[in-house]
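Single-structure report; data block below.
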Amino acid sequence: MSKQGLAAAGAEENGTKSGLVKRPKKHQKKRQSAEFHAVESTKKTVNFLDDSDRKLTDTSSISKTSVKEVARQLLKSRMELPIWDAKNALLKKFRDNRVLILVGETGSGKSTQIPQFINECDFSREGCVAITQPRRVAAVNLARRVAQEQGSKLGDTVGYSIRFDDCSSRSTRIKYMTDGMLLRELINDPLLSNYHTVILDEAHERTLLTDMLLGFVKKIIKKRPALRVIVMSATLDAERFSDFFDGAEICFISGRQYPVQVHYTYAPEVDYVDAALRSVFQLHTQLPAGDILVFLTGQDEIEALESVIKDYSKQLPPNVPQLHVCPLFASLPQEQQMQVFQPAPPNHRKVVLATNIAETSITISGIRYVIDTGLAKVKQYNARLGLESLSVAPISQSAARQRAGRAGREAPGQCFCLYTEQDFEKMSKETIPEIKRIDLAQAVLTLKARGQDDVIHFDYMDPPSRESLARALEHLYSIGALGDNGKITDIGYQMSLIPLVPSLARALLSAVENDCVAEVIDIVSCLSTDSLFVSPQDKREEANEAWSKFRHKLGDHLTSLNTVRQYLSVNVSARKSWCQKNFINKRALKTVLDIRKQLQEHANRAGWNCTANDNYNAESVLCSFLHGYITNTALLHPDGSYKTVIGNQNVSIHPSSTLFGKKVESIMYHESVFTTKPYARGVTAIHASWLTEVAPHYLGRQSA
DNA sequence: TGGGGATTT
């Protein structure tokens, strides 16, 4: 494509060629093409490495040879990685620096090679190197690969550790793990003495857990001079990490690069989904082979666009290749997710319609063109009201670059932004770290349980607001995790050992006293993952009908208990069809069972009675929850609305609740979310009198 | 009468 690019082509030719594609009525009044103008990418804007890691994954042809032989053969391709040119220089840096910031794009090979280089250094003779990942799959896949490269059985020299699955042993020298896992290890090993080196990978993503680790690790190196730390980032914000670690040295790893030409629209596109639609067809009819990746904000949008594209592509003339559309979002069933990795059928061009999941979690090969709406759904937390909301917002410049980079993994590519260059300039430079956007109750409890009593002066790379910390402290106090002096209580410490959000951990501890552990475990497991209930738009009534046999008149908590118990009573071989028939999310249920098992093991270790009781006492179960939900309660007012017990705010029962439309004396709920108004989700009816019984310490103080 | 971006222990 010329410098003029798609813009001119689109503007001038699309009109005359518009016979190719008939637009539905609602689009007819709009301008017929998104107008682009091409902008040469500067090195700084688009600086991408090739996906060298991927070349190493194809070991199928040598799978029959011995492990050592595989390793020997892999070494050859490893040594071709750009990072190997720098190996000796890096080894010297590792020896000379206790803290190092390493910058290299995803796929440069740093995640696989750096730990192996470290393992060759003399300081690594004893102990293990930990390398943390924000996501479970990444930890497992990296460990698999590196085990192959090392010629070791997975779990031997090279292993991984993630929730529900520890594949490491005493002989493990290189351990991939999730951030959450290393954070958990801090409880029993506050100085991380098992590790000579800790590598924090993907630090640029700035997830809550990585940020917490950054703070802890900084604290630990002052107490443990032998510990080495490497912070790895794929973006150019290395100075911030360096500043955080008192001017630590920064290393850049270069690699082979594929340029990505970035195009912006001349004028803002009001309807970005429509603009995306037009762009897909413009690209398809005008640009050479190569798959297209479109970044959108959510499932609804993706499904809507998918059906329109499929519809339109029927009208493509026979001499033009067809379009093969693949949706991609987290809640998509696994089998359908796998479709994006399949090459398009002959004479087809693949179009992947994805959420942010394709920005970090999933890499698709064959993408040459990216269409970026510049938007994403972002969670925001209003600490003052204690309300979370999820809303569509512009992404950051660094996220936009990340998205564009998806076009240049294998060859030079192009990115078409559905916004103007001026809009790009107006975007914030970096994505706001998660720690500034979410409810911090669990994070604060985590800090306190690991000896960081003063959570305001913890060494945060980006400190959360005082208001947000205060809200979290208040919440923890309300459920008895903190005492009047703000220090963690015995109950709070026990809560921190349970892998649940504080409210649910509290419910479980109360269940021990109320002797209904098994029941509460089943319910908290459901509340710790995605909703079990899926309602397809076209089968809503049918789904509602199917769920009626699970419904409990007191509300959602006991309804999920019914659901789990009915599921467990079904023959293992019939469970899959049972889920289908009853509109139950199979994947979510599997997660529920994993969590349930982990909690049962915890209960057994703690010596709690966890025998299931079919004639359980509903009041005992619900009061256990109420201990965790003190701040999440509301009373019915004479006008028919619910107002929160604390703060007297309006809150409505969410339509997904079994109590929707019902009027009961008072309610407790799992969470409140702001969409069109404040809603309570996961709701159960309670007696107002229970409130004063359960939390006299808190409610008394509030009214005083 | 409404809506689950992505993660994790």
*asked:* Using a heavy-atom cut-off of 4.0 Å across all strands, would you classify Arg163(A) as base, sugar-phosphate, or nothing?
replied: base
_If you assign Ser656(A) and Gly298(A) each to the DNA chain B nucleotide with the nearest heavy atom, which residue ends up on the more 5' nucleotide?_
Ser656(A)
_DNA chain B: 5'-most and 3'-most nucleotides touching chain A, 4.0 angstrom heavy-atom criterion_ = dT1(B) to dT9(B)
*Using distance alone, with no hydrogens and no angle criterion, decide if His557(A) and Tyr629(A) have a side-chain donor and acceptor under 3.5 Å apart.*
yes
*Assign Arg206(A) to base, sugar-phosphate, or nothing according to its heavy-atom contacts below 4.0 angstrom with the strands shown.*
nothing
*Glu205(A) near the nucleic acid: base, sugar-phosphate alone, or nothing, with a heavy-atom cut-off under 4.0 Å?*
nothing
*Quick one: side-chain contact (heavy atoms from CB on, under 4.5 Å) partners of Glu434(A), sequence neighbours excluded?*
Thr207(A), Leu208(A), Arg437(A), Ile438(A)
_Please classify dG4(B) as syn or anti, treating any glycosidic angle within 90° of 0 as syn._
syn
*Hey, which sits more toward the 5' end of DNA chain B by its nearest nucleotide, Arg437(A) or Ser496(A)?*
Arg437(A)
_Heavy atoms only, 4.0 Å cut-off, all strands: where does Ala330(A) land among base, sugar-phosphate and nothing?_
sugar-phosphate
*asked:* Any base atoms under 4.0 Å from Gln598(A), or only sugar-phosphate, or nothing? Heavy atoms, all strands.
replied: nothing
*Can you say whether the rings of Phe533(A) and Phe550(A) are parallel (under 30°), tilted (30 to 60°) or perpendicular (over 60°)?*
tilted
*Would a line drawn from the ring center of Phe458(A) to the ring center of Phe216(A) be shorter than 6.0 Å?*
yes
_With Glu335(A) via side-chain contact (heavy atoms from CB on, under 4.5 Å) - residues at least two apart_ = Pro333(A), Lys586(A)
*How far apart are the closest heavy atoms of Ile187(A) and Ser496(A), and which atoms are they?*
CD1-O, 4.2 Å
*asked:* Once you apply a heavy-atom cut-off of 4.0 Å, does Leu208(A) come out as touching a base, just sugar-phosphate, or nothing?
replied: nothing
*Look at all strands and tell whether Ile357(A) reaches a base, only sugar-phosphate, or nothing, counting heavy atoms closer than 4.0 Å.*
sugar-phosphate
*Under 4.0 angstrom, heavy atoms only, what part of the nucleic acid is Thr207(A) near: base, sugar-phosphate, or nothing?*
nothing
*Would you classify Thr676(A) as touching base, sugar-phosphate or nothing, given that sugar-phosphate means primed atoms plus P, OP1 and OP2, and contacts are heavy atoms under 4.0 Å?*
sugar-phosphate
*Strictly by modelled atom types, are Ser510(A) and Arg506(A) linked by a side-chain donor-acceptor pair under 3.5 Å?*
yes
